[in-house]
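Presented below is the structure to which this report refers.
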Amino acid sequence: MVSRRNYITITIMILILLFMFQFIGVMKDALNEYGTNEYEKTAVTELDMDDMYKSNGRTDKEILASGREYIIYTGFSAKNNVSRTVSWWCTYSKRNFLYYPSLEECHIEMSNPPKAVVVEGSRFKASDISIIDGLLEQKINIIFAGLPSKELITGNASLKKILGIKYVEDDVRLSGMHLFGGFLLGGEAIYEPADEKEKEKRQDLDIEVPWYVTGEGTKTYMMGLIEQEEGIQEEDKIKNEMLPAIIWRNNIKDTHVFCINGTYLSDMQGMGILTAIMSEISDYDIYPVVNARNLVIANYPGFANENSGEIDKLYSQPLEQVYRDIIWPVLASMAKKSDNKLSIMMAPQFDYIDGIEPDGTNVQFYFKLIKELYSEAGISLDLVHKMSISSKLDYDKRFWTGNALDYEFKAAYSNYLMRFYGLAVFGCGYDIDTFVCGRRKKTDEIISYIDKNIILQGTTGSGMKHTYTDDIMLKSIETALAYSNTIIDLQRVAYPASEDDSWEKFSKDMAAIIGTYWKPFNVFDATVVSESSQKIRRFLSADFTKEQTEDGVNIYISNFEEELSFILKASGKENISVSGGTAMEIEKGAYLIKAHSGHIEIKWQEKDSQEIYYNGD
């Protein structure tokens, strides 16, 4: 039996504990300022478009006189797909860019030769062979952005020698492709479906290719795979060195000719291939990068219980509860497991003409959850029916004014870039400095300014599907920029078009994709879009020079602001150390360097021996 004294003591202790827990909860709510955007103050920079380094717009004479490393492109026009890829890559890597319509018009100043000449293979003529020979004699590296015609290659021994082609087979339909490790970041990958289901879901590569067999002195980075008949004798199987080469390098007197059998440089994924090629040319390569990875949840949550018939049929509860009770726990768990922050592009409603108004009861609840995950809220500009962007923004502004406390939205999202210009024209009342575009043409730049002070962040991938082309794109952009902007658009859950849009299936695919294909790049900083915009501004504005030393390299950064990241690719080096910054291994032979001052000194030791690979073996 408990005595009265002990009973009173226990009661007092329970009351004290109850008060402490309640007090902690009250203080947590009061001090955490859930209704404010912490990134409004922490992700700040004064840099704008005027500070951005630009690779083009200079005359030949200015480029040649500058002494800066530059790339020449010869092809259809200064604005075609390959040219845009090369030009933007030069901007991002702080090189200069020169365009000539043809090789005949290409002017080389040997006091300052180009790092490489990119040749549009489809325009290559027999008379250009002697010009290429002359460039190789001057030790100028050549990159064929697509190969000359098969007929020209087959009938010309000199051209085959330049390209490193031993002989030509009939055109072939591939079963897949093999990307060897050490070229793009992210490691080796075999793009060959195991069954028809995987083929339908992931195979979107161009598998109808000319079959070129490369010879001695070449190194293959990606090759085609051919389905071999079951039961065939081992000696009758096609050996690796006989398989169709897709991307390879030929060595001619210490000079390199890079060959791309396909259109891989005709969209922005080609930037990673160009970056990898530069690393293959040099003993080591160091270049600035963004160092950011975003996970954007677009069109979430809807506060109006719209499309009720379809939603009730699928989930037996209204849309708002589906978003809150079913979807949010999965998003929060995925963010924690994958070490990501979330950028929530919020939509009060999708249908503005159905008469169903959004309910703001759960607004503060969501802002609390967002803050506790160190995430950020932005605004979505998308909707399901045609409506002027000014009218939508007026509706949304009234909703947020009544429910969103003092939160300052800094980012906007849409599937369509043109809608953003409407945002600027009509004056939305938000201080937006970042626009996230969910739908991107192949030749659209990944990151840039769209006016003096607004950063464009294009999508680099989707958490809803991951094809073989998506995987090459991911590896390529990570190699060139150490940047990813993965967008998961949840409007399709509210308005499903098929069974694939049900949250049960949707979430399984999403978790598998995010947890698998992005894992090799977790070394890069997890960011919300305001943080990555700050990094992008610093990246676009900074410039650098390097000075080789006996045991490393000095990097001098101009227009430096607080921090800038670099990738160092140095497969023949070890024991990397950095003065004025830090170094972290990304994978074998590749390091993430963070500069904390405008001058860093990188030191290394040479490995005792280096391995040489031919034909991908």
Side-chain angles (χ1 to χ4, degrees), residues 296-312 314-315 318-324 327-328 331 342-363 366 370 376-404 407 409-430 432 434-440 450 454 456-459 462-464 485 487-498 501-503 506 529:
V296 176
I297 310 300
N299 292 309
Y300 177 89
F303 293 103
N305 286 318
E306 51 194 283
N307 199 23
S308 56
E310 189 68 25
I311 296 301
D312 190 59
L314 287 171
Y315 305 105
L319 179 62
E320 192 175 1
Q321 290 182 27
V322 172
Y323 274 129
R324 184 192 65 203
I327 295 178
W328 177 260
L331 295 178
L342 300 179
S343 297
I344 311 289
M345 298 300 165
M346 304 187 83
Q349 60 191 111
F350 305 115
D351 190 337
Y352 288 78
I353 64 173
D354 62 359
I356 301 173
E357 295 299 316
D359 180 0
T361 304
N362 287 319
V363 168
Y366 276 112
I370 289 169
E376 179 183 21
I379 61 172
S380 170
L381 306 180
D382 288 348
L383 64 172
V384 297
H385 293 296
K386 286 185 177 181
M387 181 184 196
S388 72
I389 193 67
S390 58
S391 297
K392 172 185 163 51
L393 289 168
D394 284 343
Y395 273 100
D396 290 356
K397 187 69 175 177
R398 288 195 293 271
F399 176 81
W400 293 124
T401 300
N403 295 290
Y407 203 91
F409 294 108
K410 303 294 290 181
Y413 167 87
S414 178
N415 258 320
Y416 306 96
L417 182 57
M418 286 307 294
R419 287 191 175 176
F420 183 73
Y421 294 108
L423 182 70
V425 169
F426 291 107
C428 62
Y430 302 114
I432 300 297
T434 299
F435 176 68
V436 180
C437 187
R439 191 170 296 174
R440 190 184 65 82
I450 54 176
I454 298 175
L456 168 67
Q457 299 194 44
T459 178
S462 164
M464 299 171 284
N485 193 34
I487 297 176
I488 299 170
D489 192 340
L490 293 181
Q491 182 174 302
R492 59 187 283 187
V493 175
Y495 286 85
S498 68
D501 295 333
S502 70
W503 177 246
F506 188 102
V529 293

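Reckoned from all heavy atoms, side chains included, excluding hydrogens, waters and symmetry mates. Position 1 is the first residue of the sequence; numbering continues from there.
- Between Phe409 and Trp400, the distance from one ring center to the other falls under 6.0 angstrom.
- Among all heavy-atom pairs drawn from Met346 and Pro301, the shortest one is CE-CD, 3.5 Å.
- Heavy-atom neighbours of Tyr395 OH from other residues, nucleotides or ligands within 6.0 Å: at or below the threshold of 12.
- Using modelled atom types, no side-chain atom of Asn299 and backbone atom of Asp489 make a donor-acceptor pair closer than 3.5 Å.
- The side-chain hydrogen bond (donor to acceptor under 3.5 Å, both in side chains) search around Gln491 returns none, not counting sequence neighbours.
- Of all non-hydrogen atoms in Asp351 and Ile353, the two that sit nearest each other are OD1-N, 3.0 Å.
- Taking each heavy atom of Asn305 and Ile356 in turn, the nearest pair found is O-CD1, 3.8 Å.
- In this structure, a donor-acceptor pair under 3.5 Å is present between the side chains of Ser414 and Asp382.
- The line from CG of Leu383 to CG of Asp396 is 9.0 Å long, rounded to the nearest 0.5 Å.
- For Gln457 (side chain) and Val529 (main-chain N/O), a donor-acceptor pair under 3.5 Å exists by modelled atom type.
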(message) Applying side-chain contact (heavy atoms from CB on, under 4.5 Å) to Leu381 and Leu393, what does each step give before you reach the verdict?
(response) CA-CA 8 Å; Leu381 306 180; Leu393 289 168; 3.9 Å; yes
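- Minimum heavy-atom separation, Ile454 to Ile432: CG1-O, 3.8 Å.
- For Phe350, the ring pair (Phe, Tyr, Trp, His ring centres under 6.0 Å) criterion is met by no residue, not counting sequence neighbours.
- Aromatic ring centroids of Tyr366 and Tyr300 lie under 6.0 Å apart.
- For Arg492, the salt bridge (Lys or Arg N to Asp or Glu O under 4.0 Å) partners at least two apart in sequence or on another chain are Asp501.
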